[in-house]
Each structure stands twice: as C-alpha cells, then as structure tokens.
2 protein chains.
Amino acid sequence: MTMKAMEHAKPLLNYIRKHVTLSEEEEVFLCSKIDYRKYLKGQYILQQGDISTTQCFILSGCTKMFFVDNDGQEHIVMFSIEDWWTSDLGSFVSQTPSDFNVQCLEASEVIQFPYETIESLFEGIPKLERFFRKIIEQAFVASQKRIIQNFSLSAKERYQLFHSKYPQIEQRIPQYMLASYLGFTKEFLSKVKKELLKP
Amino acid sequence: MTMKAMEHAKPLLNYIRKHVTLSEEEEVFLCSKIDYRKYLKGQYILQQGDISTTQCFILSGCTKMFFVDNDGQEHIVMFSIEDWWTSDLGSFVSQTPSDFNVQCLEASEVIQFPYETIESLFEGIPKLERFFRKIIEQAFVASQKRIIQNFSLSAKERYQLFHSKYPQIEQRIPQYMLASYLGFTKEFLSKVKKELLKP
DNA sequence: AAAAAATAGTAATCTAGTTTAATATTTTAC
DNA sequence: GTAAAATATTAAACTAGATTACTATTTTTT
C-alpha cells in the first residue's frame with residue numbers, strides 16, 4: 001500500500017471514526033485491504049446480472065442504483081453521494097447475480113472493499129465488523145422508513161419530503177430521475193411542482 | 001437460568017446453528033442473557049411512542065408490526081411467525097421512541113434479547129455479533145426487495161406474489177390485514193381474488 | 001455559434017385503485 | 001345456541017396518477 005492510498009482513504013477513516021475507534025495499525029491494515037478507483041460520468045460500477053464484488057464508499061461524485069423491469073422501465077432505488085455507500089448488498093453477501101445497476105451520474109472517486117478481503121478484514125479488526133453492522137442497521141432503518149412513506153404519503157407529499165430533506169441531491173440530479181426514485185412519472189412531477197409554486 | 005430456559009431456547013439455538021457454530025458454554029451463556037415470555041392474542045409487544053427494549057425471536061404464534069398514520073389509518077409493515085424476528089430495529093438501536101406497534105395476532109411465545117444485555121452478549125460471544133449482522137443483512141435485502149416490488153408490480157401482481165410465496169401466512173391472517181400489508185384496500189383485494197378465480 | 005441531444009412543461013384522455021355504502025358471511029362470546 | 005362482533009363481498013361513483021403526444025427549454029457537442 002502506498003502513501004497515496006492512505007491519503008485517499010482519509011474521508012473514509014474520518015467517517016469510520018464517527019462510529020468506532022481504530023488504532024493506527026488497524027487503520028494501516030484497513031488501507032492495505034481496500035482499493036481506490038475513479039469512474040467517469042456514465043460509467044457503471046455494477047451491472048444487472050453481474051455479481052457484486054465490492055462494497056463502495058463514495059469519496060466524491062454521485063451514483064444511482066436502479067433496475068430495469070420486464071417492461072423495460074427503469075426504477076431508481078437509491079442515489080448515493082459523498083460519505084455514503086453503494087452496491088447491491090444482497091448480491092455481495094450471497095455472491096449471486098445482482099438485480100441492480102449502479103451508474104455514475106457524475107465523475108466519481110470511490111473506495112472499494114473487495115469481497116475476498118472483507119472476511120480477513122473482519123478477522124483482523126473485529127471492531128470493523130461492529131462498524132459494518134451499524135451501517136447496515138442504518139440502511140435497513142432507512143429502507144423501512146421508505147416503505148412506510150410510500151404507503152402513507154401521496155406523490156405530492158413524497159416530493160415535498162425529498163425536497164426538504166435532500167435539497168443538495170435534488171440540485172444534482174435531473175428531475176426525471178427524481179420522479180423515478182419517488183415512484184411516479186416525470187410528467188406528474190412537473191404538475192406537482194407547478195401546483196406547489198402558485199397558491 | 002433454569003433448565004426450563006434452556007428448553008425454551010432450543011428452536012432459537014437450532015436457528016442460530018444454521019448461521020454460526022457456538023460452543024456449549026457459549027450457548028449456556030447466551031441462554032443466561034435472554035428471556036422467555038408468553039403473550040395472549042391481541043397483546044402488544046411494542047407500542048408506537050414507546051422505546052423498543054428488546055429484540056424478539058418468535059417461538060410460536062404470529063405478530064403484525066404496523067403504524068397508524070396522521071389520518072388514523074393503520075399500515076402493516078410486516079408479519080412475523082415462528083423462527084423469525086420482530087421489533088422496531090431503529091428504536092432498539094437508537095433507544096428512541098418507536099413509530100411502530102407490534103401486536104400478537106395469535107397467542108405467542110417469544111424469546112427476548114434485552115437492550116442492556118446485548119452489548120455484553122456481543123462482547124462475550126463475538127460470533128453472535130456476526131450472526132446478528134447476517135440477520136440484519138437478510139432483513140435489509142428483503143426490505144429493498146419489497147420497495148422494488150411495490151414500484152414495479154401492480155396490486156394484483158403483488159397479491160399473486162404473496163399468495164405463492166407465503167401461503168402459510170395468508171391462511172393465518174384476515175384478508176383485510178393482508179390488503180393493508182400489500183398497500184391497497186380490502187375491497188380491492190376482494191375484487192382481485194374474484195378476478196383470479198373466474199377466467 | 002449552430003446543431004443535436006437531453007431535459008422539462010403542458011394538456012387531454014384514460015385507468016388502476018379508492019371511497020362509500022350496503023349486504024352477506026363467518027367467528028366469538030355469553 | 002343465539003346475539004353480537006368481526007370479517008368479507010359487491011357495485012356505483014370518484015380521483016390520483018399514468019399515458020400519449022406535442023412544444024419549450026437547457027445542455028452538450030462540434
């Protein structure tokens with residue numbers, strides 16, 4: 001592992017420090033097990049049908065995770081930006097073909113945890129296993145919350161919620177992708193935004 | 001801990017053995033940290049607004065987890081039966097008031113992991129932390145899958161999927177609760193079932 | 001700077017699912 | 001075993017959001 005790799009990992013280490021405390025040796029060991037990589041806008045980190053071989057931590061940029069249904073329609077499941085994760089966890093943990101694509105909406109820098117090294121990482125740094133458990137707990141809670149909101153809120157209310165909760169994301173993505181994420185059509189989002197402006 | 005407690009924990013230990021291997025001392029230690037308890041039909045394991053103090057493993061019976069929205073409408077988030085878990089994980093891990101209720105649809109026997117002992121459990125048996133990570137991974141993947149299905153499938157298709165995937169659950173719960181879980185009205189479910197019978 | 005491609009807006013028509021309201025059936029309680 | 005409560009069915013009227021099809025605007029490419 002190079003000095004460069006340690007340099008790239010800084011935002012990740014800061015992020016991990018919010019959850020668990022690692023010794024300096026542990027941080028060095030961690031950095032020896034992970035990869036840094038850049039993607040161009042439009043490039044795929046993962047494609048539907050492939051097995052997810054890494055967990056990605058995003059240093060810079062923005063990605064969408066989506067799947068294409070039987071009618072050829074694209075459905076966006078999540079957006080990820082700096083200091084968050086992306087990958088199909090289901091495919092990663094079971095090493096089976098993924099239902100999802102992950103594509104970069106901007107040029108992006110990521111840190112990748114390869115499947116082959118993650119078990120040895122957990123063995124070497126048990127605190128890291130606790131860290132991952134907490135990250136997954138967070139993701140699960142967010143996922144549950146999303147199910148609830150889709151059930152109990154109207155399309156308009158879902159948009160308003162996203163708008164107030166993630167203004168930085170809304171500014172970075174095209175509107176038609178937001179509509180896909182929120183579960184309705186781009187035409188309807190146009191209508192909703194117009195209504196919200198006039199009263 | 002009594003002999004009785006070990007006896008009650010058997011289905012849980014069998015379940016855990018599918019994921020990780022514990023030594024006999026570890027199994028005894030685990031049993032010393034958990035509680036067995038019975039609930040009557042209709043009783044609440046958790047109420048909206050309370051802090052979730054336990055993770056529940058179900059030995060027998062059936063529960064629903066639901067929340068009541070601002071319009072007073074009940075939305076069912078999940079059903080749990082034998083050999084599965086229930087509780088509001090978000091409330092449990094952050095020890096904040098829950099958005100959910102968990103109510104028994106049948107008389108139920110459960111094993112409870114209290115919040116105060118779960119950290120010491122993980123310290124004493126690190127393999128158990130791995131086990132919980134895997135369980136949460138599973139739950140997260142299932143939750144993601146549900147979001148996808150709600151977006152890409154029609155109400156009719158969602159019913160068909162549930163019907164073929166969880167026939168044992170469908171038989172144990174009233175239809176109007178299934179409609180709530182699937183995200184549409186009981187009247188519409190009646191209509192869908194009728195359509196599916198005739199062709 | 002022009003052309004092409006991508007994104008956004010508008011409006012009419014259509015439909016999956018809701019609402020309301022009433023009746024029928026099954027389960028539970030005494 | 002009967003009354004009451006809970007659950008299920010049906011059907012007409014209604015609505016949130018989809019579809020279609022076209023125009024306007026913004027961004028990217030050359």
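Proteins get letters first, then strands, A, B, ... in listed order; numbering begins at 1 in each.
Of all nucleotides listed (dA8(D), dG17(C), dT10(C)), dG17(C) comes nearest to the side chain of Arg158(B).
As a whole-Å value, the separation of Lys41(A) NZ from dT29(D) C1' is 12 Å. Rounded to whole angstrom, the span from the CG atom of Leu189(A) across to the P atom of dG17(D) amounts to 12 Å. The separation between Glu187(B) atom CD and dA21(C) atom C1' is 10 Å, rounded to whole Å. Atoms CD (Glu195(B)) and P (dA16(C)) sit 9 Å apart, rounded to a whole Å. Rounding to whole angstrom units, CD of residue Gln160(A) and C1' of dA16(D) are separated by 15 Å. Here the C1' atom of nucleotide dA16(C) and the OH atom of Tyr159(B) are 18 Å apart, to the nearest Å. What separates CZ of Phe184(B) from P of dT18(C) is a distance of 8 Å, to the nearest Å. For Lys193(A) and dT10(C), the NZ to C1' distance is 15 Å, given to the nearest whole Å.
Between dA6(C) and Gln175(A), no contact under 4.0 Å exists linking OP1 or OP2 to a side-chain N or O. In terms of phosphate contacts, Thr185(A) brings a side-chain nitrogen or oxygen within less than 4.0 Å of OP1 or OP2 of dA18(D). Residue Lys191(A) has no polar side-chain atom (N or O) positioned under 4.0 Å from OP1 or OP2 of dA16(D).
Between Lys186(A) and Ala155(A), the residue whose closest nucleotide on DNA chain D is further toward the 5' end is Ala155(A).
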As a quick check of understanding, evaluate side chain to side chain contact (heavy atoms under 4.5 Å, CB included) for Ile58(A) and Trp85(A), giving each step before the final call.
CA-CA 6 Å; Ile58(A) 299 179; Trp85(A) 300 83; over 6 Å; no
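For the salt bridge (charged side-chain N to carboxylate O under 4.0 Å, His left out) test with Glu106(B), the passing option among Arg172(B), Lys38(B), Lys64(B) is Arg172(B); the others fail.
When atom types are taken as modelled, the side chain of Ser143(A) and the backbone of Ala139(A) share no donor-acceptor pair closer than 3.5 angstrom.
Using the six-membered ring where Trp is involved, Phe151(B) and His75(A) have ring planes that are parallel, under 30° apart on the 30 and 60° scheme.
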